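Please read all numbers here as calculations on a predicted model, not as lab measurements.
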Amino acid sequence: AIAAYGANQQAIVGNILADLGPAGRPLVPALLKALRDDPSMWDENGNVCPWGLLNGLWRIDPTNQEVVHILLEKLPATDKWRGNAAGYSSDRLNIATWLVRFDPGEPTGVKVLSEYAEGKAGDAWRDFATEELRKAGPAARAAIPALKTAAAGPNPAARRAALRALKAIEPIQNPKS
């Protein structure tokens, strides 16, 4: 049924699902099928639209590994969308973000977010990626080298954001008295 909706309607459906929280578990199989099989969510022109649905799934079942598998299958398709530079960049970032939200230590998601945090994909998305890594906490330890690079860079805002993320990922351990 979700396939019949456009991107805006899918976002609304996702928000309604998010409000259901765990009570929406009986809907998860249908939502996973839509996420995997609905071509309108994975448009080859870079117009990816599953974000509302992913938000709903995350609020219903925040550790669902089937979502991680689907996103890992979809991530390589973003390479086909390079002609739509803005769509490519944001879709790649969004898929990585959702990978890490469902599984904070997911290596591919952490790697992609690390590239953005370093500014390799441009400054526009750097702060967002850095914040997502901060939220992932210690599970995103693989991002430490990229965050240290960002923390030593010339941009003061990027340095501050990277230091906050590093503090969340690798908190200073206080010895017990």
Q: Could you grab the distance from atom NZ of Lys148 to atom CG of Leu163, nearest 0.5 Å is fine?
A: 11.0 Å
Q: Report the distance from atom NZ of Lys74 to atom CG of Asn94, rounding to the nearest 0.5 Å.
A: 15.5 Å
Q. Can you find a heavy atom in the side chain of Glu118 that is under 4.5 Å from one in the side chain of Thr149?
A. yes
Q | Closest heavy-atom pair and its distance - Gln65, Phe102 | A | NE2-O, 4.0 Å
Q: To the nearest 0.5 angstrom, please state how far the CG atom of Leu32 sits from the CG atom of Leu57.
A: 5.5 Å
(Q) For Trp125 versus Leu93, what's the shortest heavy-atom pair and its separation? (A) CB-CD2, 3.4 Å
Q: Check the pair Asp103, Thr63 against side-chain contact (heavy atoms from CB on, under 4.5 Å), reporting the backbone distance first and the verdict last.
A: CA-CA 6 Å; Asp103 181 353; Thr63 59; over 6 Å; no
Q) Side chains of Trp98 and Val67: closer than 4.5 Å at any heavy-atom pair? A) no
Q: State, with a plain yes or no, whether a side-chain heavy atom of Leu75 is found less than 4.5 Å away from one of Leu71.
A: no
Q. Got a donor-acceptor contact below 3.5 angstrom from the Arg92 side chain to the Val112 backbone?
A. no
Q. How far does CG of Leu54 sit from CD1 of Ile95, to the nearest 0.5 angstrom?
A. 9.0 Å
Q) Could you give the distance from CG (Leu113) to OG1 (Thr130), rounded to the nearest 0.5 Å? A) 9.0 Å
Q: Could you tell me which non-hydrogen atom of Ala158 sits nearest to which non-hydrogen atom of Asp127, and how far apart they are?
A: CA-OD1, 4.4 Å
Q.
Do Arg126 and Tyr116 have side chains that approach each other closer than 4.5 Å (heavy atoms only, starting at C-beta)?
A. no
Q. Crowded around Lys111 NZ? As in, over 12 foreign heavy atoms under 6.0 Å?
A. no
**Q.** Exercise: identify the closest heavy-atom pair between Ile60 and Gly24
**A.** CG2-C, 3.7 Å
Q) Which atoms form the tightest heavy-atom contact between Pro26 and Pro29, and what is the distance? A) O-CD, 3.6 Å
Q.
Distance check, rounded to the nearest 0.5 Å: Asp19 atom CG versus Asn55 atom CG?
A. 9.0 Å
(Q) Any salt bridge linking Glu131 with Arg164? Criterion: basic side-chain nitrogen under 4.0 Å from a carboxylate oxygen. (A) no
(Q) For the backbone of Ile169 and the side chain of Arg134, can you confirm whether one donor and one acceptor N or O come within less than 3.5 Å of each other? (A) no
Q | Test item: Glu106 side-chain N/O and Gly109 main-chain N/O as donor-acceptor pair under 3.5 Å | A | yes
Q: Measure across Val110 and Pro104 and return the closest heavy-atom pair with its distance rounded to 0.1 Å.
A: CG2-O, 3.6 Å
Q: In plain terms, say whether Arg36 and Glu66 are close enough for a salt bridge, that is, a side-chain N and a carboxylate O under 4.0 Å apart.
A: yes
Q.
Just to verify, which of Ile70, Asn64, Leu72 counts as forming a side chain to side chain contact (heavy atoms under 4.5 Å, CB included) with Val68?
A. Leu72
Q. So, do Leu133 and Ser114 sit near enough that their side-chain heavy atoms are less than 4.5 Å apart?
A. yes
